[in-house]
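Chain identifiers are assigned alphabetically (A, B, ...) following the order of the sequence lines, protein sequences preceding nucleic acid strands; residue numbering begins at 1 within each chain.
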Amino acid sequence: MKRWMAFLLVLCMAVGFAACSTPEAPTTDGTTPNVGNPGDPNAYYFTHKGTDIRLNGDMEAILKAIGEPKKYTEETSCAFTGLDKTYTYDSFVIQTYPKGDKDYVYMFWFLDDMVETPEGVKIGDTQAAVEAAYGTDAYNGKNAFITKKDNYSMTVILKDGVVSSIQYTIVIG
Amino acid sequence: METLLQILQDLHPEVDFETEEHLIDNKILNSFDIVTIVAEIDSEFDVAIPAEHLLPKNFNSAKALYALVQKLMDE
Amino acid sequence: MKKKSILILCASLAVCIALLWLLQALLMPKYMGSVKEGALIGEYYDNAGNNDVVFIGDCEVYENFSPITMWEEYGITSIIRGSAQQMIWQSYYLMEETFQYETPKVMVFNVLSMKYDTPQSTGDQTQREAYNRMTLDGMRWSDSKWNSVLASMTEEEKEWQGQWSYLFPLLRYHDRWSQLTAEDFQYLFKKDQVSDNGYLMQTGVKPYEDEHVQPPLVDYTFGENSYYYLDKMVELCKSHGTQLVLIKAPSLYPVWWDEWDQQMVEYAEKHDLLYVNLLETQEEIGIDWSKDTYDAGLHLNVYGAEKLASYFGRILVDECGVADHRGDDTVSAVWAEKVATYYARKEKLEAQS
Amino acid sequence: MQITSFRFLLFVAAVLAAYYLIPKKGQWMLLLAVSYCFYLWAGIEYLGFILLTTVSTYAATMAMAANQDKQAKFLEENKETLTREDRKASKVKLKKTNRVYLVGCLVLNFSVLAVCKALLIEPFQTAAAAGTLSFLSIGLPLGISFYMFQSMGYVVDVYRQTTPAERNPFKLALFVSFFPQLIQGPISRFGQIAPTLYAPKKFDGKQLSFGLQRMLWGYFKKLVIADRIAAAVIALRGPEHTGVAFFLLTVFYAVQIYGDFTGGIDITIGLAQTLGIELPENFIRPYFSKNIAEYWRRWHISLGEWMKDYIFYPVSVSKPLLQLSKTARKKWRSFGQRLPVYVASVATWFVTGIWHGLTPNFVLWGMLNCFFIVLSEECVGLYERFHNRFHLKEKKWYGGFEILRMFILMNLIRIVDLFPNVSDYFSRIGSLFTTFNFHILWDGTMLKLGLTELDYIILACGIVLMFVISLIQEKKGSIRALLLQQKPVLRYALIFALLVIVLLMGSYGVGYNASAFIYNAF
């Protein structure tokens, strides 16, 4: 009995340490943000050149559809190996997060009135137009309309009574 | 007592109920048997054994069971 | 007989505790390879005691200032208590803990982390938890550490009462046994110094070419919690007779909005503090963004860090009256060693890149 | 407070220290105080529920006891003058008056329980989530099914005069709320635990050590086995998993619920033992059973006993049923004889089913159990002839075959727990006979269930360990007693090794979602 138990315990330990030889990165190493479900079809989006650009969308597919950006930069975060990438086009900017070996849309915002939201709001519109599209509930009482869906949010910022910025992002929990 | 032994014997012909003292503890009788015995006693002796008397000590031997039936008949 | 069995019991208990301790040491990440940032906080204790200047903050301090250069040029004794994504409450408790080891003349705090008001406001849970560990695991047991843990925990950590795992990290790293590498055994008892008095050297060059952009914000006001800890820092330093200097390192990203800068200017004025926005003096410092950064403008490499140290050291001498210790033989001897390590490291890294 | 949380362990450590430091007279009062602390931790809004049960139980039993005393005194004083008939009449009168208190107390408590359970069903939960019925969102009060059944058993016992009524309301309150068993039972009888629950206890190193060892073993089953395999059980519930995958699910679920429930009970009983309190066993290696009746005598024993004493027997020997039996017997003798058994079985298993949850799948679960128990009872003779004909009982392998057969049958019945929609269950059962997708065992499907190869290795070793330990217990008795005979150093080394295994391989902390005990939900 004694020997049996000792044997089992040793076996368990041995299995444990046998696994030590697998060289894997520690958990604090190269962890990527776990911000959502890549490819979520219900995420916020806007349409450009007939392509839907969607939060959590696959950036590779978007690049294929709408072409290379005017400007491209990479941003590291302290200590982590993952790269956040920023793609600047004429009228909008897309930022991605890495997951696995792919990049997914984390955030996008508009730069001019050549693009508009699915509800038809664009930069330069009046507050009344935004209110018509998103309702008074979305108004924060000061300078912005904010809507939320699942873990996504859209923000329309007003300056001097007209829309100055429209941005969509994944909200991190 | 004879009738009682007959009831028990019908249920488990292989057991010697006159000597066996641990019918419950040795798992010879299960709850189904107990209920069947109660029903039989009810029809043969016209004595109803209430649920609170369905205890191991009352069913461990034919003697104990007979004592219980006697007691209940007295009341 | 009874006595003997109690003796055996006690001896066995002692052996078990020792084994658990050993196991814990083995399972904790060593941060000697790719994520050296995690080792920074723990290295402070070997170099604590006689520093006139202590820098506290995130990567904008530990990547941007070279204490060795400040020693060489001005005889300033300084150390950096920096860690990746250090939150302002963590900075506060590090400051509090520092006063248990030394009372510097000047505390320098980098204000970028004012933008993170709560533990929820940056990164996702997994990432935040990893950053928490890197800042907190290196600290020695103390009240400051405990309070910092309570202030820092993510929702998931709170859910499983993760505070206990900061006292006994075995509870956090218990399942790392399947990922142990040679590094874990090699550095089980003795770790290398990865930094030079808290400065983590980078020798690579990746020029800054395009501007990093961020969308405008709805509200630029720093959060209440951030101000709460900044107030506490002011008070803490005052009570120890230490001058608190606020800085914004010259990193080009994350964006440092003008609205934020304005708030810091006003805060410094109100509390009679020195606030230096080093972004505004890039040209005076002499930073060449095509050579002095290793990641396109986010952090400086060693060449930039030396320039910045040289510039900021002058401010420390002129504005704060920090003394020159080069005449002191004992101090000089200690620093001579540090200088040697620094150049050896620089040479080695340059050879690699 | 989760039983697997650090907070719980600290709580237990503090309770233990205080328990043996304070004067022994105060020990049970301390237990009452900490039990209420434990209960309050779950939420102050639940306090009313346990107080209601405690107060109504106390009031009913005290009223009954007063009547019993009065009657006893009356009989004693008039010993000479009373005739047999008089005495009988007095007894009948007592039962009649006391029945009012009994029924009142039972109805009150069980309606509260029924309402609480009913609120867990879909339409109410949807309404609660939508906020239209906000008071519903509080969830099931901690341990309500357990403490209520325990208390109601006690009320019936007092009514039947098989247990004396506890006259100290605080002692009774401790019986209802004793914190180790609040979470998932066992459902103890007053007579079983009263002797050790209130008695003053001296510090006993052996009891403490035995209790802690048992808790450690419980944590092993819960954290290393049950919580690890939980991910795969959840994954395998998906509609795409049919045939062999479904069979696998039944086995995985058997492992999970065994580790979870028996592990939890080990922690509970071990904890009570450290306090010098003896709780009744709830499991006797149930998976070694050879038939379904035996299984139910070895699995969740305290619930089975409760059902037998308070549902099965009373129903089967009730007047109308005996009457019916008599009538039926005139026509079909043996059927009439068995009639009470059938009716009582159906009633018992119906109640057992809805005790687990008020959804159709639990009713089905109860009925399946009932069907197979009755079937096997009725086929006893048939089996015996079969066995004797082929001399099977003498063959060693036949016992193993019976155990395996039982294990698979119970797995198939038990799994209905997981399918609130009963038709899903039947379609899966059907797929066992139509889908022979054995390829999932080696085509990588197994690694997509949330378990890595390493997890499977740990699980396999863990299951072997549990199996061997059970085997030793079955053949040689208590493991801890056997350990005690070994040299101290070896003993400590083995215990320490188990501790290290739990620490290193337990599913807790970052990346593991703390999962509640399955039986918390009942």
Inset, instruction - Apply side-chain contact (heavy atoms from CB on, under 4.5 Å) to C/Val218 and A/Lys142, showing your working. - result: CA-CA 9 Å; C/Val218 174; A/Lys142 282 195 316 218; over 6 Å; no
Legend entry - Between C/Asp184, C/Leu200, C/Val213, C/Asp295, the one whose heavy-atom pairs under 4.5 Å with chain A are most numerous: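 Of the options given, most contacts go to C/Val213.
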Residue part contacting chain C, namely of [X], when any heavy atom lies under 4.5 Å:
{"X": "A/Lys159", "value": "neither"}
{"X": "A/Ser164", "value": "neither"}
{"X": "A/Phe110", "value": "neither"}

Verify the neighbour count for atom [atom1] of [X]: are there more than 12 heavy atoms of other residues, nucleotides or ligands below 6.0 Å?
{"X": "C/Trp257", "atom1": "CH2", "result": "yes"}
{"X": "A/Glu119", "atom1": "CD", "result": "yes"}
{"X": "A/Lys149", "atom1": "NZ", "result": "yes"}
{"X": "C/Glu224", "atom1": "CD", "result": "no"}

Legend entry - Under 3.5 Å donor-acceptor, A/Gln167 side chain and C/Leu217 backbone: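 No; zero donor-acceptor contacts below 3.5 Å.
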Legend entry - From C/Asp219 atom CG to A/Asn143 atom CG, the distance as rounded to the nearest 0.5 Å: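 The CG atom of C/Asp219 sits 7.5 Å away from the CG atom of A/Asn143.
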Legend entry - Gap between atom OG1 of A/Thr73 and atom OH of C/Tyr208 - 0.5 Å precision: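 Answer rounded to 0.5 Å: 9.0 Å.
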Legend entry - A/Lys71 vs C/Glu209, side-chain contact (heavy atoms from CB on, under 4.5 Å): CA-CA, chis, key distance, verdict: CA-CA 10 Å; A/Lys71 206 173 87 184; C/Glu209 282 155 356; over 6 Å; no
Legend entry - Flag side-chain contact, heavy atom, 4.5 Å: A/Glu75 against C/Pro254: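 Of all side-chain heavy-atom pairs linking C/Pro254 with A/Glu75, none is under 4.5 Å.
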Inset, instruction - Quick one: closest heavy-atom pair of C/Gln214 and A/Trp109, and the distance? - result: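 In this case the closest contact between C/Gln214 and A/Trp109 is C-CZ2, 3.7 Å.
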Inset, instruction - Determine the minimum heavy-atom distance between C/His212 and A/Glu74, stating which atoms define it. - result: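 Closest approach of C/His212 to A/Glu74, heavy atoms only: CE1-O, 3.4 Å.
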Legend entry - Interface moiety of C/Glu63 toward chain A, non-hydrogen atoms closer than 4.5 Å: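 Neither part; nothing is under 4.5 Å.
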Legend entry - Interface moiety of C/Lys206 toward chain A, non-hydrogen atoms closer than 4.5 Å: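 Contact with chain A is through the side chain of C/Lys206 alone.
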